[in-house]
Structures are given as C-alpha cells and as structure tokens.
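Note that the numbering runs from 1 along the sequence shown for the chain. None of the values given here were measured: they were computed from a predicted structure.
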Amino acid sequence: HEQSPDISSAVGKNELGAGDQGIMVGYATNETEEYLPLPVVLAHRICKRLDELKPENPWMGADGKAQVTVAYENDVSVAVTAVVVSLQHDAEIDQKSIRRFVGKEVLGKVLPRELLKEDASILINPSGKFVLGGPAADTGLTGRKLAVDQYGPVAHIGGGALSGKDPTKVDRSGAYAARWVAKNIVAAGMAKRCEVQIAYAIGKSDPVSVTVDTFGTGVISDSHIEAAAKAVFDLTPAGIIRDLKLNSPIYSRLACYGHFGRPDLELPWEETNRKYELLSAALKQSARQ
C-alpha cells in the first residue's frame with residue numbers, strides 16, 4: 001500500500017523534504033585504496049572469494065559471513081588477530097574438510113601474509129555444522145547487518161538500514177552523501193580519516209546540522225573543513241538525489257559486499273570529484289581567520 005499521507009504530504013510539500021528524521025554518518029580513511037577500514041575490506045574479500053568458489057564446489061551453500069579483527073599501533077595496522085568465517089554447507093561434508101578448504105583456498109588467498117601471524121585465532125564454522133541457512137534458519141535479512149553494509153565497527157553508524165528504501169529516505173541518501181563528503185575530504189589531503197554527520201528533520205529540506213570530525217588528523221581545523229563542506233555540497237534531499245543520480249536503477253548491485261568502496265560499480269558517492277573545490281573553499285575559510 002501507499003506511504004502514510006501524513007508523511008507523503010510533509011515530504012512533497014513545496015520542495016522535497018527529508019523522508020524521515022535522523023543523523024546520518026559518513027566515514028573515510030586513507031589506510032586502504034577503498035578509503036575504508038582494513039577489517040571490513042578484508043571481510044568483504046573473504047565473502048567475495050567464497051562466492052567465486054561456489055560454482056566449482058556444489059557442497060557450498062548460499063549463506064555465510066566473515067569477520068576480521070585487526071590490531072593497530074599508532075593508527076597503523078600491524079596484525080590480523082582473529083578471523084571468523086561461517087559457511088553453509090551440505091550435510092555430507094565434514095567440518096575438518098571445510099576448515100582445510102577455507103584456510104587454503106580463501107584465507108590463504110585474500111589475507112595479507114605480512115599481517116597474518118602464527119598466533120592469530122582462526123575460527124571456521126565455530127558453532128559446528130551449518131546446513132540450514134537463509135531466512136528459513138534465522139530471522140530477517142534486510143537491515144540486520146548495518147555495520148557490514150557500511151564501515152564495520154570502526155566508524156559510527158547513524159540512521160537506519162540503507163537497503164529497501166527510496167532516496168527520499170535520508171537513511172539511505174543522507175548516508176551516501178555523508179560518505180561522499182568524507183571521502184572527498186580525505187582524498188583532498190585535508191585529513192587522514194574523517195567522519196561526517198548530517199542530521200535531518202522529517203519534511204525539512206536543509207539539514208539540521210552538519211559536523212566534521214577528523215580525529216586530530218586534519219591539516220586545517222575541523223570547523224574550516226565543515227564550513228567548506230557546507231559551501232561545496234548541496235545536502236538537501238533533492239540536491240543529493242540529483243547529484244548522486246539516486247533515481248537510477250543501481251540498488252540491486254548493493255545487495256552484497258557493502259555500499260561503500262566498490263570500485264567495480266563506479267558508484268556516484270564514491271567519486272572524489274569535489275576534492276579541489278573543497279580544498280579551495282577550506283583554504284578561503286582559513287585565510288579569513
């Protein structure tokens with residue numbers, strides 16, 4: 001059925017307003033080519049490798065997930081300390097064979113050898129057998145794994161689920177915009193890592209607030225970067241939908257491996273096409289002081 005007429009009238013009145021209230025978070029770091037934290041990048045690589053192996057290994061099920069823990073010293077990754085992989089499988093195959101297969105054909109192929117130490121904890125199907133999978137075995141799919149869709153546990157996660165929503169819902173469009181802003185800030189060399197928070201009120205076009213936190217890595221003050229971001233980016237729902245082409249049929253490709261990074265998909269919010277404008281605006285802000 002149609003959306004509540006109360007919400008619909010608030011969102012569509014005069015100019016396009018936010019489809020919900022909430023605080024959306026975007027994050028970027030220069031520690032990987034994807035501008036994502038290393039742990040979530042490695043977890044995605046494990047899952048991709050598992051999917052690549054499925055056609056030639058019919059005993060592998062469609063369900064599964066991966067988790068990677070990385071130790072840091074002075075903000076630099078030094079070791080993979082734990083890996084957890086849960087993989088659905090046919091009832092006939094034994095767990096020892098699964099562990100041997102995943103260790104050799106998956107972890108041995110995608111984890112950086114220089115980070116994988118002998119004392120790393122490797123847990124493959126730690127609960128034992130995993131024969132029944134999907135929503136028949138466990139409750140829910142959409143909106144259940146927000147950290148997997150975004151940045152892992154390194155960054156804050158705001159709003160609600162990204163999937164299953166049209167772009168008037170700022171849970172989705174605002175999160176994409178916040179990532180776009182954060183990535184351009186880091187790509188411009190203004191910070192090594194950056195978190196952008198954008199807050200909205202339902203039915204209102206302009207954000208309630210826009211904040212930037214570079215965690216002490218910024219080369220100029222966060223307030224100047226924040227002012228530059230507000231000057232360069234149109235963060236109204238209509239502006240975000242227009243600039244990121246969110247009315248295009250792009251969403252099915254985001255059903256796995258996360259909504260960020262993804263150089264294979266050429267996603268608009270992954271473009272660093274505003275970094276020079278941002279840098280120029282930030283320098284102007286700094287010069288005024």
Side-chain angles (χ1 to χ4, degrees), residues 23-38 40-41 44 75-77 149-152 154-158 162 167 170 172-200 206-207 209-246 248 250 253-254 257-289:
I23 301 173
M24 314 311 152
V25 181
Y27 182 83
T29 172
N30 66 0
E31 70 170 305
T32 64
E33 293 181 358
E34 295 89 347
Y35 287 81
L36 292 175
L38 181 61
V40 77
V41 169
H44 288 163
D75 291 333
V76 177
S77 56
D149 276 344
Q150 301 186 57
Y151 311 101
V154 173
H156 294 108
I157 295 172
L162 305 184
V170 286
R172 184 168 212 153
S173 53
Y176 293 162
R179 161 66 173 179
W180 188 32
V181 176
K183 187 173 181 181
N184 274 269
I185 289 170
V186 175
M190 290 192 284
K192 293 181 180 179
R193 56 192 183 106
C194 177
E195 180 180 275
V196 174
Q197 294 193 12
I198 311 173
Y200 291 93
D206 292 322
S209 68
V210 178
T211 60
V212 171
D213 186 354
T214 62
F215 308 98
T217 69
V219 297
I220 58 177
S221 72
D222 288 356
S223 61
H224 291 155
I225 298 175
E226 183 180 299
K230 292 177 181 177
V232 170
F233 292 91
D234 182 350
L235 297 176
T236 63
I240 295 170
I241 292 170
R242 178 193 66 236
D243 293 340
L244 297 182
K245 302 177 178 61
L246 297 185
S248 303
I250 59 175
R253 299 179 295 169
L254 301 169
Y257 315 135
H259 292 236
F260 305 122
R262 313 303 304 278
D264 54 315
L265 299 184
E266 298 182 349
L267 300 169
W269 54 89
E270 292 298 311
E271 296 290 334
T272 55
N273 50 1
R274 299 285 178 93
K275 60 183 180 181
Y276 296 118
E277 290 179 69
L278 260 178
L279 187 58
S280 176
L283 291 174
K284 288 179 181 178
Q285 289 290 332
S286 183
R288 292 193 184 104
Q289 302 297 318

Separation between CD1 of I157 and CG of D149, rounded to the nearest 0.5 Å: 9.0 Å

Distance, nearest 0.5 Å, that separates CZ of F260 from CG of L36: 8.5 Å

Minimum heavy-atom distance L38-S77, with the two atoms named: CD2-OG, 3.6 Å

Over all atoms of both residues, closest heavy-atom pair of P237 and Y200: CD-CE2, 4.4 Å

Residues which pass side chain to side chain contact (heavy atoms under 4.5 Å, CB included) with A238, listed by chain and number, not counting sequence neighbours: L16, T236

Whether over 12 other heavy atoms sit under 6.0 Å from Y276 OH: no

All side chain to side chain contact (heavy atoms under 4.5 Å, CB included) counterparts of I250, not counting sequence neighbours: L246, S248, R253, W269

E226 side, atom CD; H224 side, atom NE2 - distance, nearest 0.5 Å: 10.5 Å

Salt bridge (Lys or Arg N to Asp or Glu O under 4.0 Å): pairs with one or both residues in residues 260-269, sequence neighbours excluded: R262-D264

Close side-chain approach of T211 and V196, heavy atoms under 4.5 Å: no

Exam field: side chain R172 to backbone L162, donor-acceptor pair closer than 3.5 Å: yes

Derivation and outcome, side chain to side chain contact (heavy atoms under 4.5 Å, CB included), residues F233 and L278: CA-CA 9 Å; F233 292 91; L278 260 178; 3.7 Å; yes

Heavy-atom pair with the smallest gap, counting every atom of Y176 and L254: OH-CD1, 3.4 Å

Minimum-distance pair of heavy atoms, taken over all atoms of P37 and T32: C-CG2, 4.4 Å

Qualifying residues under side chain to side chain donor-acceptor pair (under 3.5 Å), relative to T214, sequence neighbours excluded: D222

Heavy-atom side-chain contact between I225 and I220 under 4.5 Å: yes

Worked verdict on Q150 versus H259 for side chain to side chain donor-acceptor pair (under 3.5 Å): CA-CA 6 Å; Q150 301 186 57; H259 292 236; over 6 Å; no

Inter-residue atom distance E195.CD - T29.OG1, 0.5 Å rounding: 12.0 Å

Short side-chain to backbone donor-acceptor contact, Y151 and Y27, under 3.5 Å: yes

Where V40 and G152 come nearest, the two heavy atoms and their spacing: CG2-N, 3.8 Å

Using distance only, find each side-chain donor-acceptor pair of residues 181-194 under 3.5 Å and give its atom names and separation, not counting sequence neighbours.
from: K183; atom 1: NZ; to: E270; atom 2: O; distance (Å): 2.8
from: K183; atom 1: NZ; to: E270; atom 2: OE1; distance (Å): 2.9
from: N184; atom 1: OD1; to: N273; atom 2: N; distance (Å): 3.3
from: N184; atom 1: OD1; to: R274; atom 2: N; distance (Å): 2.8
from: N184; atom 1: OD1; to: K275; atom 2: N; distance (Å): 3.0
from: N184; atom 1: ND2; to: W180; atom 2: O; distance (Å): 2.8
from: N184; atom 1: ND2; to: E271; atom 2: O; distance (Å): 3.0

Nearest heavy atoms of P207 and I198, plus distance in Å: CB-CG2, 3.7 Å

Sub-4.5 Å side-chain heavy-atom contact between S173 and V170: yes

Salt bridge (charged side-chain N to carboxylate O under 4.0 Å, His left out) involving K245 - partner list, sequence neighbours excluded: none

